[in-house]
Amino acid sequence: MRRIGIVVAGLLALGALLLLADALAPWQVGLAQGEIAVTATPMQSYAGKVRAPEFPIGLDWLNVPEPLNMAQLRGKAVLLDFWTYGCINCIHVIPDLKRLEAEFPDELVVIGVHSAKFTNEGETENIRHILKRYGVDHPVVNDRNFILWQLYGVRAWPTFMLIDPQGKVLGYYSGEGVYDAMQPAIAGMIAEFDAKGMIDRTPLRLTPERERRAPSPLAFPGKVLADARSGRLFIADSNHHRLIVADLETYAVQQVIGSGAAALRDGSFAEAAFNWPHGMSLNAEDETLYVADTGNHAIRAVNLRQGTVTTVAGTGVQNRDWRNRLRGGAAREMPLNSPWDVHYQDGVVYIAMAGPHQLWKLDLAAEQVMPFVGSGREGILDGALLESELAQPSGIIGTGDVLYFADAESSAIRKVDLRAGRVQTIVGTGLFDFGDVDGIGDAVRLQHALGLTLGPNGELYVADTYNHKIKLIDPNRRESRTFLGEGAGFRDGANPQFWEPGGISYANGKLYVADTNNSAIRVVDLATKLVSTIAFPNPERLAMAAAAEAAEDVPPEDFFGTIVRLEPMTVASGDSQIVLNITLPEGYKQNDQAPFTLHFYNNTPIARVAPADNDLRLITPPMPVRMPVKLSQGEALITLDATVIYCEAVNETLCFPAFLRFEVPLRVAAEGAPEILINHRLTPPKLD
């Protein structure tokens, strides 16, 4: 019976994580977040015991041409992801799901079951936009009435149900870290059913919503910052992974900061890279713009005088150490967790850290970063700074001895008294208390507000995101009323419409709104309450948007295979080819069922491969494999990822997967080698 070698180690590692649920159907067992229940042990079959319920008829499906049913999924490993799109934990698992999909491209189907917490999240059109924003391409079903949620007995977001190729539930997992928890079980399941000839590798037909998004100058801008003193407008062009600086009066684009690649890279404005940037705050004295680089879990400093970007806090890796929620440390050595907004004041950058439900502070002189407000428990509890409870803070602004912040998951606006060292809630009462109600104090209801700014008289203007409105709040009277907005849509003038606005900033009698789902910046004249939309007079400065989206094809930093760094090579410019020759160990052959894959990353201008050619999937290709490439003079590091599954040639009892990343320091000149030649010999791992 054929097995993949990596499964053996995976099964043993999984044994330490499993909480057995053999006696109960998985949806009858409730676990704390971050635990797993699987109906298999290292010595048992990877076949489930309880048949998965059929998908109900009449639900809306996205990313597929027609609704799916369990019969269509026979022969596939299926992972159901129960999520809601405003939940920070649900956002955090998206890279894990993409990693699983890349590792098991033809054997695994991930299906998002969107069971909305907030009313606004239950609208199919809003989910369609969020799939574009998050880059989610797998099938998603809108479980707006919690039918599937109840059938499976789900109790928390995110929760994952693993279904075997026969349509039976193997087990479930709740919380972040789904890759490490589920990968061994998925690999073991596929190996077992593959040996029985029960794996169907026919690709599932997808129609990704992301491919339907028309190009635009901005892509889902998350935050905006207006600075009256310098006459500049700063825009977080979040899904283009860059910042834009425009004139506050004419809106002419002055600077574009960031290459557009989704990566963590310091350097000049053209070289630097962000990943889904959001909140910004300006230190006007030394012309430094601080940026919450959300996708990189980092704080970046933009030196506007020198034209450079540096990382001042964070490592680029998400902090998942929930046991040490109150621990800080050296700023550039301390991992952060989804910083969503920042506020600079008196040498300190205050951070709305959405992931751990806390406010943090970065002491720039001491180069230390630490928790500042919130115990790390998700909730809405006032009191002493580190004893209080917050819920996904996503917007922050301050003045003097007071910080105001938007606590998104509790739909609350709260404040920190820096002198007294206490937290007080202005409006908002609970994690599930939301709506659209004007009034005073505890009667007020918002819905997942993400942004806020101070007006000229100390009032707060709030981007009430899921209500698609701008609210005006008197923080002293705790009074909230609708200022502008008439439901989701796009309309300028006296009766405007916004669509999930995420950021807001005040300057010179005007509000500037990051109207996220409309991919626009809107301007509100406070005197007339008329709304207009910014049109850049020099849009050619933003023409890199299309190139920026292409530049998102960058090597992910969390690669889990073997990195092979080659010696520098010089190759002649012009039409050329990459020649990859992988030599198998003696006595082994390529697996004739699993595809060989090769992906070239188009993240450098000196080496470009046509989109139709840069992602190969071949069954037992003869070596070497060739890929056409167009070379332009310059120097860069090029990267290719390859996967090859190889097995014993005679007995066929053992197979091994090789996940390889080839990094080639390349110099392209007028004269050089005729092609990029990569040779590599595989060595099978030693088995204990």
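Excluded from the calculations below are hydrogen atoms, water molecules and symmetry mates; all remaining heavy atoms, backbone and side chain alike, are included.
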Q: Output all residues satisfying side chain to side chain donor-acceptor pair (under 3.5 Å) with Lys469, sequence neighbours left out; order by chain, then residue number.
A: Asp436
Q. Among all residues two or more places apart in sequence or in another chain, which pass the side chain to side chain donor-acceptor pair (under 3.5 Å) test with Tyr512?
A. none
For [X], what residues pass the side-chain contact (heavy atoms from CB on, under 4.5 Å) criterion, not counting sequence neighbours?
X: Ser410; value: Ile380, Ala391, Asp407, Ala412, Leu431
X: Ala116; value: Thr84, His114, Glu121
X: Ala331; value: Ala313, Leu362, Val369
X: Thr516; value: Arg133, Phe220

Q) Which residue pairs pass the salt bridge (charged side-chain N to carboxylate O under 4.0 Å, His left out) test with at least one member in residues 387-400, sequence neighbours excluded? A) Arg377-Glu389
**Q.** Any pair counted as salt bridge (charged side-chain N to carboxylate O under 4.0 Å, His left out), so long as it reaches residues 356-368, sequence neighbours left out
**A.** Arg332-Glu367
Between the side chains of [Y] and [X], is the shortest nitrogen-to-carboxylate-oxygen separation below 4.0 Å, so that they form an ion pair?
X: Asp293; Y: Arg300; value: yes
X: Glu287; Y: Arg232; value: yes
X: Arg414; Y: Asp382; value: yes
X: Arg210; Y: Asp137; value: yes

So, [X] versus [Y]: side-chain donor-acceptor pair below 3.5 Å or not?
X: Ser338; Y: Thr294; answer: no
X: Glu500; Y: His468; answer: no
X: Asp96; Y: Gln183; answer: no
X: Asn89; Y: Glu176; answer: yes
X: Thr310; Y: Asp266; answer: no
X: Tyr466; Y: Asn126; answer: no
X: Tyr85; Y: Asn120; answer: yes

Atom pair [atom1]/[atom2] of [X] and [Y] - distance to nearest 0.5 Å:
X: Asn283; Y: Thr288; atom1: CG; atom2: OG1; value: 5.5 Å
X: Cys87; Y: Lys117; atom1: SG; atom2: NZ; value: 8.5 Å
X: Leu452; Y: Glu459; atom1: CG; atom2: CD; value: 12.0 Å
X: Leu450; Y: Thr465; atom1: CG; atom2: OG1; value: 3.5 Å
X: Lys223; Y: Ser505; atom1: NZ; atom2: OG; value: 10.5 Å
X: Phe434; Y: His448; atom1: CZ; atom2: NE2; value: 11.0 Å

Q: Please assess Asp286 against Arg305 for the test salt bridge (Lys or Arg N to Asp or Glu O under 4.0 Å), listing each intermediate value before the final yes or no.
A: CA-CA 8 Å; Asp286 67 1; Arg305 289 174 180 158; over 6 Å; no
Q: Using the six-membered ring wherever Trp is involved, compare the ring planes of Tyr350 and His343 and label them parallel, tilted or perpendicular (cut-offs 30° and 60°).
A: parallel
Q. So, do Leu385 and Val416 sit near enough that their side-chain heavy atoms are less than 4.5 Å apart?
A. yes
Q: Report yes if some heavy atom in the side chain of Leu264 is under 4.5 Å from a heavy atom in the side chain of Thr311; otherwise report no.
A: yes
**Q.** Leu364 and Val348: CA distance, side-chain angles, deciding distance, side chain to side chain contact (heavy atoms under 4.5 Å, CB included) verdict
**A.** CA-CA 6 Å; Leu364 294 168; Val348 174; over 6 Å; no
Q.
Would Leu243 and Leu289 count as a side chain to side chain contact (heavy atoms under 4.5 Å, CB included) here? Give the steps.
A. CA-CA 10 Å; Leu243 310 176; Leu289 182 73; 4.0 Å; yes
Would you name the heavy atoms of [X] and [Y] that are closest together and state the gap between them?
X: Pro339; Y: Ile351; result: CB-CG2, 3.7 Å
X: Phe118; Y: Ser411; result: CE2-OG, 3.4 Å
X: Asn476; Y: Asp474; result: N-OD1, 2.9 Å
X: Tyr173; Y: Gly175; result: CE2-O, 3.3 Å
X: Arg229; Y: Glu285; result: NH1-OE2, 3.1 Å
X: Gly314; Y: Leu336; result: CA-CG, 3.9 Å

Q) Quick one: are the ring centres of Tyr172 and Phe160 less than 6.0 Å apart? A) no
Ignoring hydrogens and angles, write down the donor-acceptor pairs under 3.5 Å from the side chains of residues 394-401, residues two or more places apart or on other chains.
| unit_1 | atom_1 | unit_2 | atom_2 | d |
| --- | --- | --- | --- | --- |
| Ser394 | OG | Gln392 | O | 2.9 |
| Asp401 | OD2 | Arg419 | NE | 2.7 |
| Asp401 | OD2 | Arg419 | NH2 | 3.4 |

Contacts of [X] that satisfy ring pair (Phe, Tyr, Trp, His ring centres under 6.0 Å) - sequence neighbours left out:
X: Phe234; answer: none
X: Tyr179; answer: Phe560
X: Tyr506; answer: none

Q. For Glu333, does the CD atom sit with more than 12 other heavy atoms under 6.0 Å from it, leaving out its own atoms?
A. no
Q) In this structure, which one of Val110, Ile94, Ile130 forms a side chain to side chain contact (heavy atoms under 4.5 Å, CB included) with Val136? A) Ile94
Q | Donor-acceptor contact below 3.5 Å, side chain Trp157 vs main chain Ser115 | A | yes
Q.
Can you see whether Phe498 has Arg522 sitting over its ring - NZ or CZ less than 6.0 Å from the centre and within 45° of the normal?
A. yes
Q | Val423 and Lys415: CA distance, side-chain angles, deciding distance, side chain to side chain contact (heavy atoms under 4.5 Å, CB included) verdict | A | CA-CA 6 Å; Val423 176; Lys415 74 175 184 179; over 6 Å; no
Q: Go through Arg422 and Asp417 one step at a time and tell me if the salt bridge (Lys or Arg N to Asp or Glu O under 4.0 Å) criterion holds.
A: CA-CA 5 Å; Arg422 298 190 66 80; Asp417 186 322; over 6 Å; no
**Q.** side chain to side chain contact (heavy atoms under 4.5 Å, CB included) assessment of Leu460 paired with Thr453
**A.** CA-CA 6 Å; Leu460 293 171; Thr453 190; over 6 Å; no
